[in-house]
Amino acid sequence: MTTAPERAFVVGVDSGGSGLRVALARPGRGPAGEVRIVETVSSPEPVPTGSGGIDAGHLLGRLLPAVDAMTERAGGGAVLAVAVGAAGMATLGDRLRAELPGAFDRAWGVRRFALAADAVTAYAGALGQRPGAVVAGGTGLIAIGTDLSGWRRADGWGHLLGDCGSGAWIGRAGLEAAMRAYDGRRGGSAALLARAEERFGPAAGLPGALYPRTDRPAVLASFAPEVAACAAAGDAVAVGVLEHAAAHIAEAATAVVPSGPGAEVALTGGLFRMGEPLLGPLRAEFGALLPDVRDVPAAGEPLTGAVTIAAALADGSLRLPEDPRLLHITR
């Protein structure tokens with residue numbers, strides 16, 4: 001392994017639909033094994049995506065000055081490695097792959113660079129560089145696993161083709177149950193109908209309010225906490241929605257978890273802050289489908305994962321497998 005200079009840094013980046021976050025960190029680990037982050041900055045404005053994919057120039061225009069300012073505030077020093085986690089990297093990351101390595105070399109003399117799918121940085125934040133599986137859940141949902149020789153993924157196909165069990169999926173199912181109650185059909189929930197009308201207005205106007213929206217997945221996901229609240233209050237339809245969601249989540253984890261004894265699975269993302277109405281049935285599903293797999297808490301978030309990857313690149317200890325679509329490495 002190479003030894004990092006005393007006054008040196010690594011940079012981790014988390015770019016997604018909720019904005020851009022950047023962390024400046026010291027290479028290596030602290031005494032308790034923690035990532036030693038010096039400072040973070042964030043912006044709620046996401047990096048735009050155009051016909052050529054994710055806008056590399058826009059990302060660089062915000063990232064480079066932010067890192068320079070943080071480095072100056074920290075007393076100066078060299079940047080040894082950068083890891084960027086980007087939502088949509090697999091299909092929309094061609095400009096990032098083409099432009100970022102040269103830009104970091106020119107700006108900081110950095111040759112060690114990782115471009116990762118946001119699922120991979122979520123994995124690294126949750127489990128570090130151990131084999132296992134991670135389910136990242138929020139508006140969407142994806143499961144990713146590795147035995148350190150390659151990656152396996154399940155779902156993450158968006159709210160029209162998948163993301164089963166996600167916030168958008170739960171919200172849509174809850175709104176369907178509300179509309180069933182409005183129509184007088186079986187499977188409806190008066191409690192969910194009341195909450196839907198409180199949030200969105202009269203039920204008959206819901207299609208017109210929802211369908212033209214370009215942020216439909218986020219709007220659907222905004223109703224998921226209402227489903228959880230109705231489930232916690234004992235509404236049988238809402239309970240059934242969350243039980244069905246838990247089954248989907250466990251199935252995704254089962255599809256990617258590596259075989260063998262001692263496998264671990266972690267959950268990360270805002271979906272799992274929904275609490276016991278979802279976590280209770282999810283524990284039951286894991287017990288049925290993955291009885292020999294340990295459910296462990298996520299150690300950190302995707303930004304922590306980006307820093308973990310950058311620090312491993314800096315000292316030559318990266319164990320996570322390279323993949324042109326999921327973890328692209330430049331040395």
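Sequence positions, counted from 1, serve as the residue numbers for this chain.
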I want to check something: taking the side chain as every heavy atom from C-beta on, are Val135 and Thr268 in contact at a cut-off of under 4.5 Å? no
pair Leu141-Trp169: side-chain heavy atoms closer than 4.5 Å: no
Donor-acceptor check, side chain of Arg180 to backbone of Arg186, threshold 3.5 angstrom: yes or no? yes
Is there side-chain contact between Thr146 and Pro258, with heavy atoms separated by less than 4.5 Å? no
Is any side-chain heavy atom of Val11 less than 4.5 Å from a side-chain heavy atom of Val13? yes
Pairwise distance CD1(Ile54) to CE(Met89) - rounded to 0.5 angstrom: 8.5 Å
Do Asp155 and Cys164 come within less than 4.5 Å of each other through their side chains, counting heavy atoms only? yes
Do Leu220 and Leu192 land in one hydrophobic cluster if side-chain heavy atoms of ILVMFWY residues count as linked below 4.5 Å? yes
Shortest non-hydrogen pair, Phe286 vs Ala250, comes out as CE2-CA, 3.5 Å
Evaluate the side-chain contact (heavy atoms from CB on, under 4.5 Å) criterion for residues Leu318 and Arg331: first the C-alpha distance (whole Å), next the side-chain angles of each, then the deciding distance (0.1 Å), finally the verdict. CA-CA 12 Å; Leu318 185 66; Arg331 292 182 175 89; 4.3 Å; yes
For residues 260-267, which side-chain N or O atoms pair as donor and acceptor with protein atoms under 3.5 Å away, sequence neighbours left out?
unit_1 : atom_1 : unit_2 : atom_2 : d
Glu264 : OE1    : Arg130 : NE     : 2.9
Glu264 : OE1    : Arg130 : NH2    : 2.9
Glu264 : OE2    : Arg294 : NH2    : 2.3

Same cluster or not: are Leu63 and Phe9 linked, directly or through other Ile, Leu, Val, Met, Phe, Trp or Tyr residues, by side-chain heavy atoms under 4.5 angstrom apart? yes
Rounded to the nearest 0.5 angstrom, the CG-CG distance for Leu20 and Leu303 is 9.5 Å
Report, as yes or no, whether the 6.0 Å neighbourhood of atom CZ on Arg273 holds more than 12 heavy atoms from other residues, nucleotides or ligands. no
Nearest non-hydrogen partners of Gly165 and Ile249, listed with the distance: O-CD1, 3.7 Å
Within one Ile-Leu-Val-Met-Phe-Trp-Tyr cluster: Val110 and Val67, side-chain cutoff 4.5 Å: yes
What's the verdict on side-chain contact (heavy atoms from CB on, under 4.5 Å) for Met70 and Val22, showing C-alpha distance, side-chain angles and the deciding distance? CA-CA 10 Å; Met70 285 192 291; Val22 185; 3.8 Å; yes
Can you establish whether the number of heavy atoms outside Phe272 located under 6.0 Å from its atom CZ is more than 12? yes
Polar side-chain atom of Thr71 near backbone of Gly76 as donor-acceptor pair, under 3.5 Å: no
Output yes when a side-chain donor or acceptor of Arg7 lies under 3.5 Å from a complementary backbone atom of Gly75, and no otherwise. yes
Determine yes or no for a side-chain-to-main-chain donor-acceptor pair under 3.5 angstrom, with Arg153 supplying the side chain and Val256 the backbone. no
For the residue pair Asp118 and Ala87, what are the closest heavy atoms and their distance? OD2-CB, 3.4 Å
Here the gap from Arg21 atom CZ to Asp14 atom CG, rounded to the nearest 0.5 Å, amounts to 4.5 Å
Tell me whether Val10 shares a hydrophobic cluster with Val79, the cluster being built from Ile, Leu, Val, Met, Phe, Trp, Tyr side chains joined at under 4.5 Å. no
May I ask you to decide if the ring planes of Phe113 and Phe104 are parallel, tilted or perpendicular, using 30° and 60° as cut-offs? perpendicular
Counting N and O atoms only, with roles assigned by atom type, does the side chain of Asp55 sit under 3.5 Å from a partner on the main chain of Val47, one being a donor and the other an acceptor? no
Are any side-chain N or O atoms of Asp235 and backbone N or O atoms of Ala238, one a donor and one an acceptor, separated by less than 3.5 Å? yes
Before accepting this row, confirm whether a basic side-chain N of the pair Arg325/Asp323 lies closer than 4.0 Å to the acidic partner's carboxylate O. no
What I'd like to find out is whether the side chain of Val134 reaches to under 4.5 Å of the side chain of Ile142, using heavy atoms alone. no
CD1 of Ile170 to CD of Glu226: how many Å apart, nearest 0.5 Å? 13.0 Å
Are the side chain of Arg199 and the backbone N or O of Phe223 linked by a donor-acceptor pair below 3.5 Å? no
What distance do Leu290 atom CG and Asp295 atom CG have between them, rounded to the nearest 0.5 Å? 9.5 Å
Tightest non-hydrogen contact, residues Ala203 and Leu193, listed as CB-CD1, 3.9 Å
Between Arg185 and Glu176, does at least one N-O distance fall below 4.0 Å, as a salt bridge requires? no
Arg26 side chain vs Ala8 backbone, donor-acceptor pair below 3.5 Å: yes
Please assess Arg216 against Leu210 for the test side-chain contact (heavy atoms from CB on, under 4.5 Å), listing each intermediate value before the final yes or no. CA-CA 7 Å; Arg216 281 189 302 274; Leu210 179 63; 4.2 Å; yes
With distance as the sole test, does Gln129 use its side chain to make a donor-acceptor pair with the main-chain N or O of Arg319 at under 3.5 Å? yes
Do the charged groups of Arg111 and Asp105 touch, with an N to O distance under 4.0 Å? yes
Heavy-atom side-chain contact between Thr139 and Ser166 under 4.5 Å: no
For the hydrophobic clusters of this structure (ILVMFWY residues joined by side-chain heavy atoms under 4.5 Å, transitively), does one cluster hold both Val237 and Met274? yes
List the atom of Gly156, the atom of Asp163, and the distance in Å for their closest heavy-atom pair. CA-OD1, 3.3 Å
Checking the side chain of Arg97 only, and the main-chain atoms of His328 only, is there a donor and an acceptor separated by less than 3.5 Å? no
Over-ring placement of Arg106 relative to Trp108, 6.0 Å and 45° cut-offs: no
Donor-acceptor side-chain pairing of Arg62 and Ser43 below 3.5 angstrom: yes
Distance col, row Thr49:OG1 vs His58:NE2, nearest 0.5 angstrom, shows 10.5 Å
For His159, all residues meeting ring-ring contact (aromatic ring centres under 6.0 Å, His included), sequence neighbours excluded: none
Between Phe200 and Ser222 the two heavy atoms that sit nearest each other are CZ-OG, 4.0 Å
